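Working notes, beginning with the structure itself.
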Amino acid sequence: MSLLNELNPVQQKAVLETEGPLLVFAGAGSGKTRVLTYRIAYLIQEKGVRPWNIFAVTFTNKAADEMRERVERLLGTSAKGTWISTFHSACARILRQHIEHLGFKRNFVIYDDQDQERHLKTIMKELNLDFKMFPPRAIQSGLDQLKNAGVTPDQYSPSPYNIFQKRLAVVYQRYQEDLHRNNALDFGDLLTFVTILFRRFPEVRRSYQELCRYVMVDEFQDTNLIQYQLIREMTEAHHNVCVVGDDDQSIYRWRGAEVGNILNFEKDFPEARVITLEQNYRSTQNILEAASHVVRKNRYRKEKKLWTENPEGEPLTFFVAEDEEDEARFVIQKIMEHVSGAKSGRSYRDVAVFYRINAQSRAVEDELVKNRIPYTVVGGMKFYERKEIKDVLAYLKLIDNPSDGLSLKRIINVPSRGIGEKTVEKIEAFSREKGLPLYDGLKQGVEEEWLPPAVKTKMKEFIQLIEAFRKDAGSFTLSQLTLALLAKTGYLQRLKEERTDEAISKMENVDELINVMMGLEQGEEKVSLETFLDKVSLVTDVDLYEDKGNRVSLMTLHCAKGLEFPMVFIVGIEEGLLPHYRRGEEIEDMEEERRLFYVGMTRAKERLFLSRAEERSTFGVGRANLPSRFLDELPVELMQFEEKKGRMESLFSQETPWREHDRQTEMMPEDLSQEISFAEEGGLVLSPEGFFPLKIGMRVRHPKFGEGRVKSVEGMDENQKATVVFQNVGAKRLKVRYANLEILE
DNA sequence: GTCTCTAACCTTTTT
DNA sequence: GGTTAGAGAC
């Protein structure tokens with residue numbers, strides 16, 4: 001029974017109540033993941049449940065991986081067979097088995113929302129819909145809402161007085177038809193198709209119900225209607241469903257999440273038991289109290305009293321900056337103080353900066369770069385959303401599933417091979433008329449009279465290229481296939497010829513993609529093209545975030561959920577930003593913004609810094625923002641107001657470089673002396689002067705290898721290594737200290 | 001058909 | 001301040 005010894009009595013109860021429906025309200029930092037993992041381990045080890053009868057759902061792949069790892073650690077063996085995954089991957093897996101029942105082929109592709117938007121735009125163009133009157137974004141979100149609610153095109157009855165709805169209905173119909181022709185599913189379809197499958201094929205549903213003897217749902221407050229429906233169907237036979245969540249941390253209403261799911265759970269499952277975890281193990285008393293104080297203002301919530309045995313801790317620090325630059329300087333100054341300065345003892349990895357919208361990262365990034373502080377941004381432009389990556393993936397998708405017209409359109413003329421827009425339009429119309437996938441239309445079109453012979457030759461060449469790859473795809477590994485593709489299509493060659501910074505960075509990204517593939521190929525299992533594409537389609541920002549070295553983390557408040565850091569900054573606490581004004585006017589929207597703030601605050605373990613700027617530039621235009629109403633909700637006695645330092649100075653020092661330098665050294669004379677002595681003892685060299693000046697993208701010259709460009713930099717100490725791509729000899733990984741690099745720009 | 005330059009948009013948050 | 005779609009030149 002050693003498993004239970006490490007849990008508090010309430011947590012124990014949550015683990016032991018294995019039979020029947022169970023709702024666990026888990027406050028921030030109350031050991032939610034701990035309960036779930038111990039529960040799984042307990043079921044397997046003590047109750048003798050077979051691993052494949054356990055199904056645990058999370059929202060991110062990262063959370064799923066982490067859970068599996070922790071269960072394995074508890075059990076001491078592998079948890080093989082336990083089904084731990086996200087809603088979307090689980091559904092993809094089910095559909096790969098049974099989708100033929102629904103008239104799709106098993107090698108369907110998954111369209112992400114970028115694909116979805118492109119696809120929608122073509123349809124809207126074909127239907128002659130004015131983008132101004134019907135913004136594609138609005139149509140897209142309307143579509144998503146319908147899907148999240150489980151409404152199929154033929155079930156949707158728009159109001160006859162609402163033009164938008166009427167158009168939406170037409171687009172929806174056409175959109176789904178096209179997806180079918182392309183043998184493709186979007187994110188929403190993954191879920192809805194499984195419910196349709198279950199409804200129409202009871203024997204399939206029963207087989208999964210039989211399998212899912214014990215079901216667990218993490219972050220239950222973020223489930224939407226269709227996800228909840230899925231859970232209910234899956235647990236119909238055994239009723240052993242344990243949902244864990246926190247209504248105060250529900251921040252995805254705008255995406256269709258229903259807080260109602262958690263608040264009404266007891267109604268839907270009258271026999272459900274309810275356990276509330278209220279002891280917080282993460283934050284200091286001050287942080288917890290301040291956060292609770294804020295969220296208590298919400299009306300639609302279940303009352304709970306979080307408490308902690310942790311020390312009281314420091315008060316929260318609040319700073320009013322002049323503008324976002326000033327705000328960033330405050331953040332950096334505090335980071336330096338705590339990492340290398342007067343109050344040193346922290347590492348960069350202990351620090352996180354949260355903001356409401358991605359665009360806010362720039363100001364902070366600029367300042368971090370200026371001070372040579374290593375950092376990572378979670379989210380923003382995602383690796384798998386980059387143009388070049390999507391191009392390569394489109395080739396692979398097409399090889400895997402030739403019906404995928406969207407991918408075909410993406411690469412049919414990339415790199416340009418003389419098959420232009422007009423030609424594609426003709427073939428598109430031709431294919432639609434015949435009800436064929438675009439690729440098949442292309443193949444038939446080659447025989448048609450209405451195309452100029454020169455174009456037909458080009459088309460034939462392209463078809464031959466794809467066919468050749470389709471034939472050989474099985475005998476290559478993923479990376480081999482991709483490398484061959486890049487060579488044969490001339491994609492890399494074209495980039496090489498461009499010789500722009502942008503092209504170089506694209507090549508590096510493609511290179512990185514190959515690296516990812518090679519990494520996967522190191523594993524024991526063979527990675528099929530299909531598994532790889534599935535995996536890639538369903539990754540999220542947070543999945544890609546791992547503790548890569550000692551760096552400050554920057555992310556949106558949404559991304560921060562589920563993470564924790566000793567030192568947290570929340571910037572831009574202003575009316576319009578937090579709460580964000582693009583929100584609706586409903587109370588529910590305002591409450592969600594408040595919860596967002598609450599989620600951010602409760603990520604902090606020891607220190608919490610809050611700030612706002614008097615003026616902030618959006619789209620390059622300055623704008624004065626009022627302090628956020630949420631600031632008034634913070635208890636004053638827990639706050640410490642940071643004095644604005646050197647106001648005059650910053651007025652003078654704007655553009656004068658010597659002044660800039662002056663201020664840096666002035667700012668932390670103690671820090672410097674400390675760092676230097678630390679360095680003498682053989683520790684890390686961290687003084688600003690001691691930093692190695694290499695940055696990604698810099699052009700450098702090596703005495704032997706000649707000119708090159710810095711691709712990546714590892715480490716910030718004397719062992720720093722850099723990977724440099726040289727024009728003549730290719731990529732080399734060098735120890736910066738010995739490399740004698742000369743910086744060219 | 002391809003390339004380049006300008007103007008309009010833009011910023012929520014994402015599986 | 002940056003990106004992207006669309007117009008215009010070749």
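Every value quoted in this text rests on a predicted model; they were computed, and no experiment measured them. Order of the sequence lines fixes the chain letters, A, B, ..., with proteins taken first and strands second; residue numbering starts at 1 for each chain.
Residue A:N413 is in sugar-phosphate contact alone, with no base atom involved, counting any heavy-atom pair closer than 4.0 Å across all strands shown. Within the 4.0 angstrom heavy-atom criterion, base atoms lie near A:F187. Within the 4.0 angstrom heavy-atom criterion, no nucleotide atom of any strand lies near A:F87.
Taking every side-chain heavy atom of A:T86 into account, B:dT15 is the closest of B:dT15, B:dT13, B:dT11. Of the candidate nucleotides B:dG1, B:dT13, B:dC3, B:dC3 has the atom lying nearest to any side-chain atom of A:S416.
When rounded to the nearest whole Å, the span between CE of A:M590 and P of B:dT12 equals 15 Å. Straight-line distance from the NZ atom of A:K458 to the P atom of B:dT2: 8 Å, rounded to whole Å. Spacing between atom CZ of A:F131 and atom C1' of C:dT4 amounts to 13 Å, rounded to whole angstrom units. When rounded to the nearest whole Å, the span between CZ of A:R255 and P of B:dT14 equals 8 Å. In this structure, A:D589 atom CG and B:dT12 atom C1' are separated by 12 Å, rounded to whole Å.
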Return a table of donor-acceptor pairs under 3.5 angstrom between the side chains of residues 449-464 of chain A and protein atoms on other chains or two or more places apart.
from   : atom 1 : to     : atom 2 : distance (Å)
A:W450 : NE1    : A:E448 : OE1    : 3.2
A:K456 : NZ     : A:E448 : O      : 2.3
A:T457 : OG1    : A:P453 : O      : 2.8

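Of the side-chain N and O atoms in A:T556, one or more sit less than 4.0 angstrom from OP1 or OP2 of B:dT14. Side-chain nitrogen and oxygen atoms of A:R137 include at least one within less than 4.0 Å of the OP1 or OP2 phosphate oxygen of B:dT11. In this structure, A:S617 does not reach the C:dG1 phosphate: none of its side-chain N or O atoms is under 4.0 Å from OP1 or OP2.
Nearest-nucleotide mapping onto DNA chain B: of A:F619 and A:L596, the residue sitting toward the 5' end is A:F619. Of the residues near DNA chain B, A:E421 and A:T618, the one whose nearest nucleotide (by heavy atom distance) lies more toward the 5' end is A:E421.
In this structure, the side chain of A:T235 engages the main chain of A:I231 through a donor-acceptor pair within 3.5 Å.
A:F59 has its ring centre less than 6.0 Å from the ring centre of A:F87. A distance of 6.0 Å or more separates the ring centres of A:Y208 and A:F55.
Aromatic ring orientation, A:Y228 versus A:F265: tilted (interplanar angle from 30° to 60°).
Considering all non-hydrogen atoms of both residues, A:Q249 and A:A26 come closest at NE2-O, 4.4 Å. Closest approach of A:S361 to A:Y355, counting heavy atoms only: CB-OH, 3.4 Å.
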Q | Dot-bracket notation for DNA chain C, counting Watson-Crick and G-U pairs under 3.5 Å, with | for partners on another strand | A | .|||||||||

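Atom name C1', nucleotides C:dG6 and B:dT11: the rounded distance is 22 Å, in whole Å.
With sequence neighbours excluded, the residues satisfying salt bridge (charged side-chain N to carboxylate O under 4.0 Å, His left out) with A:R410 are A:D391.
You cannot call A:Y252 stacked on the base of B:dT14; the centres under 5.5 Å and planes under 30° rule is not satisfied. Look at A:H580 and the base of B:dT12; the rings stack, centres closer than 5.5 Å and planes less than 30° apart.
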